Amino acid sequence: MKKKFISIIILILLLNCKSHERFETEKDEFAIVTASILNSRKKPDVKSDLVGKFHFGSPILINTKDSFEDTVDGEKGKWIKEKVTNGYIFSKYYIITSGNIYKLKGVVDICNFPCGGSCFIPPGDLYLVGNFYIEIDDHMDYLPEDRTPCSTIRIGTFKKDNEEYIFSSPIKYAGYNGKNNHCRITFLSNLDKIGDKIILDHLKKPFNLKRMSDSKGPFYIINNKMIYDRSRYHEYCSEQSLHDKVIEVFDSYYIDEKIDTNNLFSNYSHKFNEIISE
C-alpha cells in the first residue's frame with residue numbers, strides 16, 4: 001500500500017512538471033517590424049495578394065508554427081502567419097520575440113515654459129514586448145513644423161532591475177516628417193543626414209526609468225530627473241513668483257496603461273496615426 005501511494009505521488013509530480021513545461025513553451029510570440037512598410041500576403045509567396053500593411057515598429061502577434069521556408073531578395077527566411085489579418089509576413093523584415101507586454105504612456109505637464117516647449121523633447125509612448133521596447137516620440141511644440149524629423153520611432157532591448165527599467169541604445173530607429181496635424185506621413189530614409197542634432201543625439205542614447213509613487217499613484221521618471229510632487233503641480237503653476245521669474249516649470253514622466261495581446265497592434269496603430277492638436 002505504501003509503495004502504491006509513493007507511485008501515485010511521483011506520477012502527480014511528473015504530470016505537474018510536464019504541465020509546467022507546456023505552459024512555459026506556450027508564450028505569445030510577436031514580430032516587431034523593422035522595414036518602413038511590411039506587406040502581409042494571403043499566401044506565403046511574394047506574388048500572392050496583399051491582405052495588410054504594417055508600419056515600422058508595429059508589434060504583431062504571430063504563429064511561428066505556421067511557417068514556410070523561402071528565399072526573398074536573395075535572403076533565406078520564413079513566411080510566418082500573423083494574427084492581425086491572418087496573412088503571411090517574411091522574416092527578413094522584423095524581429096521575433098516572445099513573452100509579456102506592457103505599455104508606459106508618456107505624460108508632460110507644462111506651465112510658463114519660456115521656449116514654448118521647443119527646447120525639450122517630451123516623453124513618447126513605450127511599448128514593452130517580450131524583451132524589446134518600441135518608443136514613439138513626437139518632436140514639435142504643438143503642430144508639425146519645420147523640424148526634422150517631426151517624429152521618431154526606436155526599437156531596442158530592455159531589462160528590469162527591481163524598481164528600474166534599463167533601456168539599451170536602439171538597434172533600429174526611424175524618422176518621419178508630417179503635414180498639417182499629422183506627424184508621421186513621410187518616412188525619412190536619410191534620417192542621419194538631415195535630422196536635427198538634438199533629436200538624433202536623444203534618439204541614440206540609452207536611458208532608464210525609475211518607478212516612483214506619490215499621492216496620485218505610481219509613475220516612472222526618466223534618467224533620475226528631479227520631479228515635482230504631481231499632487232501639488234498646479235500649485236507650482238499658479239505661483240506668481242515663478243511667473244515673474246520666468247522659470248521653466250514642467251513635469252514629464254510615464255504612467256502604466258492597461259493593454260493586452262488582443263489590442264496591442266490596434267493600440268500601436270492608433271498611436272501611429274494619432275492627430276496632433278494644440
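All values reported here derive from a predicted model rather than from experimental measurement.
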Side-chain contact test, heavy atoms from C-beta onward, threshold under 4.5 Å: evaluate it for Ile155 versus Pro170 and give yes or no. no
Between Asp256 and Lys105, is there a side-chain N and carboxylate O pair less than 4.0 Å apart? no
About how many Å separate CG of Leu264 and CG of Leu61, when rounded to the nearest 0.5 Å? 8.0 Å
Passing candidate, side-chain contact (heavy atoms from CB on, under 4.5 Å) with Tyr93, options Val33, Asn39, Asp73, Ile37: Asp73
If we ignore hydrogens and angles and just use 3.5 Å, is the side chain of Ser48 paired with the main-chain N or O of Lys43 as donor and acceptor? yes
Looking at Asp49 and Lys42, is there a salt bridge between them, counting it only when a charged N and a carboxylate O are closer than 4.0 Å? no
Note: Asp192-Lys204 ion pair, threshold 4.0 Å (strictly below): yes
For Lys76 and Phe90, work out which heavy atoms get closest and say how close. C-CZ, 4.1 Å
Ion pair Arg154/Glu135, N-O distance below 4.0 Å: yes
Minimal heavy-atom distance between Gly130 and Thr97, with the atoms involved, is CA-OG1, 3.6 Å
Can you list the steps and then say if Thr64 with Glu29 is a side chain to side chain donor-acceptor pair (under 3.5 Å)? CA-CA 8 Å; Thr64 56; Glu29 298 174 302; 2.7 Å; yes
Phe68 meets the ring pair (Phe, Tyr, Trp, His ring centres under 6.0 Å) criterion, sequence neighbours left out, with Tyr88
Transitive ILVMFWY side-chain link Ile199 to Ile153, under 4.5 Å: no
Contact between Ser58 and Ile32 at the side-chain level, heavy atoms closer than 4.5 Å - yes or no? no
Tell me the closest heavy-atom pair linking Phe265 and Pro59, and the distance in Å. CB-O, 3.6 Å
So, are Arg41 and Asp45 salt-bridged, with charged N and O less than 4.0 Å apart? no
Quick check on the hydrophobic clustering: are Val84 and Ile62 connected, directly or via other members, by side-chain heavy-atom contacts under 4.5 Å? yes
side-chain contact (heavy atoms from CB on, under 4.5 Å) for Asn86 and Val51? Distances and angles first, verdict last. CA-CA 8 Å; Asn86 290 317; Val51 293; over 6 Å; no
Short side-chain to backbone donor-acceptor contact, Asn267 and Asn263, under 3.5 Å: no
Going through the distances and angles, do Tyr220 and Tyr253 end up as a ring-ring contact (aromatic ring centres under 6.0 Å, His included)? CA-CA 6 Å; Tyr220 301 84; Tyr253 51 89; over 10 Å; no
Do Thr261 and Asp28 have side-chain atoms, one donor and one acceptor, less than 3.5 Å apart? yes
Dump the intermediate steps for ring-ring contact (aromatic ring centres under 6.0 Å, His included) on Phe30 and Phe132, then the final yes or no. CA-CA 10 Å; Phe30 303 92; Phe132 288 86; over 10 Å; no
Strictly distance-based, threshold 3.5 Å: is any side-chain N or O of Arg184 a donor or acceptor partner for the main-chain N or O of Tyr176? no
Where the side chain of Asn177 meets the backbone of Cys150, is there a donor-acceptor pair that is under 3.5 Å apart? yes
Check this for me: Lys210, atom NZ, are more than 12 non-hydrogen atoms of other residues, nucleotides or ligands nearer than 6.0 Å? no
For the side chain of Glu257 and the backbone of Lys103, is there at least one donor-acceptor N/O pair under 3.5 Å apart? no
Shared hydrophobic cluster, Ile95 / Leu38 (ILVMFWY, side-chain heavy atoms < 4.5 Å): no
Would Tyr254 and Leu126 count as a side-chain contact (heavy atoms from CB on, under 4.5 Å) if you check the C-alpha gap in whole Å, the side-chain angles of each, and the deciding distance to 0.1 Å? CA-CA 9 Å; Tyr254 294 80; Leu126 273 164; 3.7 Å; yes
In Å and rounded to the nearest 0.5 Å, what is the CZ to CD1 distance from Phe56 to Ile134? 9.0 Å
I'd like to check Asp137 versus Leu203 (side-chain heavy atoms, cut-off strictly below 4.5 Å). Are they in contact? no
Are side-chain heavy atoms of Ser168 and Pro206 found at a separation under 4.5 Å? no
Between Phe167 and Phe207, how do the two ring planes meet: parallel, tilted or perpendicular, split at 30° and 60°? parallel
Are Tyr133 and Phe158 close enough that their ring centers fall under 6.0 Å? no
Nearest non-hydrogen partners of Asp70 and Pro44, listed with the distance: OD2-O, 4.3 Å
Give the intermediate values and the outcome of side-chain contact (heavy atoms from CB on, under 4.5 Å) for residues Ile259 and Tyr268. CA-CA 10 Å; Ile259 195 171; Tyr268 180 89; over 6 Å; no
Inspect the surroundings of NZ in Lys172 and state if more than 12 heavy atoms from other residues, nucleotides or ligands are less than 6.0 Å away. no
If you draw a 6.0 Å radius around NZ in Lys92, do more than 12 non-hydrogen atoms from other residues or ligands fall strictly inside? yes
Could you tell me whether a side-chain N or O of Tyr94 sits under 3.5 Å from a main-chain N or O of Ile89, the two making a donor and an acceptor? yes
Could you walk me through whether Trp79 and Val46 satisfy the side-chain contact (heavy atoms from CB on, under 4.5 Å) test, starting with their C-alpha distance in whole Å, then the side-chain angles of each, then the deciding distance to 0.1 Å, before giving a yes or no? CA-CA 10 Å; Trp79 291 95; Val46 290; 3.6 Å; yes
Answer yes or no: is there a donor N or O on one side and an acceptor on the other, between the side chain of Thr148 and the main chain of Asp196, under 3.5 Å? no
Under 4.5 Å between side-chain heavy atoms, counting indirect links through other Ile/Leu/Val/Met/Phe/Trp/Tyr residues: same cluster for Leu188 and Ile198 or not? no
Note, Ile275 side chain near His182 side chain (heavy atom, < 4.5 Å): yes
Test Thr152 against His139 for side chain to side chain donor-acceptor pair (under 3.5 Å), laying out the working first. CA-CA 8 Å; Thr152 56; His139 309 295; 2.8 Å; yes
Indicate if Ile96 and Tyr127 have the same hydrophobic cluster label, given that clusters are the connected sets of ILVMFWY residues with side-chain heavy-atom separations under 4.5 angstrom. no
Atom pair NZ/OG of Lys271 and Ser151 - distance to nearest 0.5 Å: 8.0 Å
Does the side chain of Ile221 reach to within under 4.5 Å of the side chain of Leu209, using non-hydrogen atoms? no
Asn208 versus Ile222: any side-chain heavy-atom pair under 4.5 Å? no
Separation between OG of Ser91 and CD of Glu69, rounded to the nearest 0.5 Å: 9.5 Å
What heavy-atom pair brings Pro149 and Gly175 nearest, and what distance separates the two atoms? CB-CA, 4.1 Å
Measuring from Glu164:CD to Arg211:CZ, what's the distance to the nearest 0.5 Å? 13.0 Å
Calculate, to the nearest 0.5 Å, the distance between atoms CG and CD belonging to Asp138 and Glu274 respectively. 6.5 Å
Can you give me the closest heavy-atom contact between Ser40 and Glu82, atom names plus distance? OG-OE2, 2.5 Å
